[in-house]
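Letters go in sequence order (proteins before strands), and every chain restarts at 1.
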2 protein chains.
Amino acid sequence: MAEALELSTTEQKILEAAKKVFIQKGLDGARLDEIANEAGINKALLHYYFKSKEKLFEKIFDEMIGKLLPDFSAIIESQNPIEEKIEFFVHKYIDFVSENPQLPLFMVTEINRNPQRMKDLLGHTQNFIILQRFAFQMITEMQVGRIKSFNPLHLMLNIMSLCIFPIISKPVIQAILQLNEADLNIILQQRKEEVSRFIREALRP
Amino acid sequence: MAEALELSTTEQKILEAAKKVFIQKGLDGARLDEIANEAGINKALLHYYFKSKEKLFEKIFDEMIGKLLPDFSAIIESQNPIEEKIEFFVHKYIDFVSENPQLPLFMVTEINRNPQRMKDLLGHTQNFIILQRFAFQMITEMQVGRIKSFNPLHLMLNIMSLCIFPIISKPVIQAILQLNEADLNIILQQRKEEVSRFIREALRP
DNA sequence: GGCATTATTAACTTTTTAGTTAAACTTTCT
DNA sequence: AGAAAGTTTAACTAAAAAGTTAATAATGCC
């Protein structure tokens, strides 16, 4: 019996549909009928493959949490000077959240609504260790005076904030500035350079 | 007939309860029974005062949207140098979101789920104009060389991001860093100074 | 006091949505 | 071919939540 070795097409279709609907509407707002429609199958199949709405959601959530922080090991491990690393990180990160614009808000909302879920899941991901190493590198470079000294925790919060928050609040910005989708996307692309420069200037010794 | 001139106690109790539950659980997650319980009244009274869940929600939402940006006119209008204004703004803003920690995520989530709602509501608030004036001041100070030149839109997005995002992602940070509520709050208070300094250094000519 | 208006409730109906079942269809194995 | 296991569906039930109603209690008015 080779069960579970290979995902059936139906199972994948369900997961994709569920991902789409859950991310768009959240756990509470999502409807199983909508997921079934989206996947082009009967609702009963959802229960056949995944016992319940909750279980299906957890599957999606667990899979997503690994993607919250993409794999930046290559950047971190490289021997480039820290300013370049940060610049590269910012570019890559803004690209990443631009390609997955709904991911941050989804994760933040659902973790907020059920913090325990995330606590239970910690350790399943190595991303924290990578961030820790990054922080350690920062301290080293601060000590040799290549960049100005900041609390590394806050510095990393700053970098993350600058990259993620405008994506999360896109609809708010859009409404306030009365911009169309295309114009706003241009602004968000500009940010790669603006944010890089902002951080660079702040860190310049 | 003096109707609607003075809010009845019951109406206020309902609004307060609804605010609490809606902010905590969102439109989809909130239950009318829970709101009624919280307000200490019968569920039918909700319909007596506000026709439907949707209508009640809109009332709350409309009231909240004005609070998204508190009134900073005093700071903006003062004659202090721009660095001091920004520093004061950051302190006040972090205080504000710390006191209303659930507000930003609530607004962002619901605006994201129904962008039209916010677009319909624009103009009801004067906050945008204040921000515009702030941006204009920045440009002036950049021209006379008191602060380094940045795109003012991005600069304001940066300031907002640094103040708001860590509050929004509090549960995520808490889970990752394995901190208790008290310790995390200390870190968020530290941010007032860290963020001020970060921006100050970035802007220093 | 008693009548009219407003406020409040318990119990009910309706609607929505998650979850189940039994039967039909497919695939696979011998 | 045909039995067994796996897959899929239409139609159903159960549960939860929104919304309604008709009767009761409180309030203000003459």
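Positionally, the nearest nucleotide of DNA chain C for A/R31 lies more toward the 5' end than for the other of A/H47 and A/R31.
For the pair A/L32 CG and D/dA15 P, the computed distance is 17 Å after rounding to whole Å. Spacing between atom CG of B/L46 and atom C1' of D/dT20 amounts to 13 Å, rounded to whole angstrom units. The distance from atom CD1 of A/I14 to atom C1' of D/dT7 is 11 Å, rounded to the nearest whole Å.
Within 3.5 Å, no donor on the side chain of B/D33 pairs with an acceptor on the base of D/dA18, nor the reverse. Contact annotation: side chain of A/K43 to base of C/dG19, donor-acceptor pair present below 3.5 Å.
Contact annotation: A/Y48 does not reach the phosphate of D/dG6 (side-chain N/O to OP1 or OP2, under 4.0 Å). Distances shorter than 4.0 Å separate some side-chain N or O of A/T10 from OP1 or OP2 on D/dT8.
Applying the salt bridge (Lys or Arg N to Asp or Glu O under 4.0 Å) test between B/E58 and each of B/K53, B/R117, B/K51 identifies B/R117 as the sole match. For the ring pair (Phe, Tyr, Trp, His ring centres under 6.0 Å) with A/F72, the qualifying choice from A/Y93, A/F134, A/F88 is A/Y93, the only one to do so.
Here the straight-line distance linking atom CG of B/L105 with atom CG of B/N100 works out to 13.5 Å at 0.5 Å rounding.
Using a 4.0 Å heavy-atom distance criterion, B/A36 is classed as making no nucleic acid contact.
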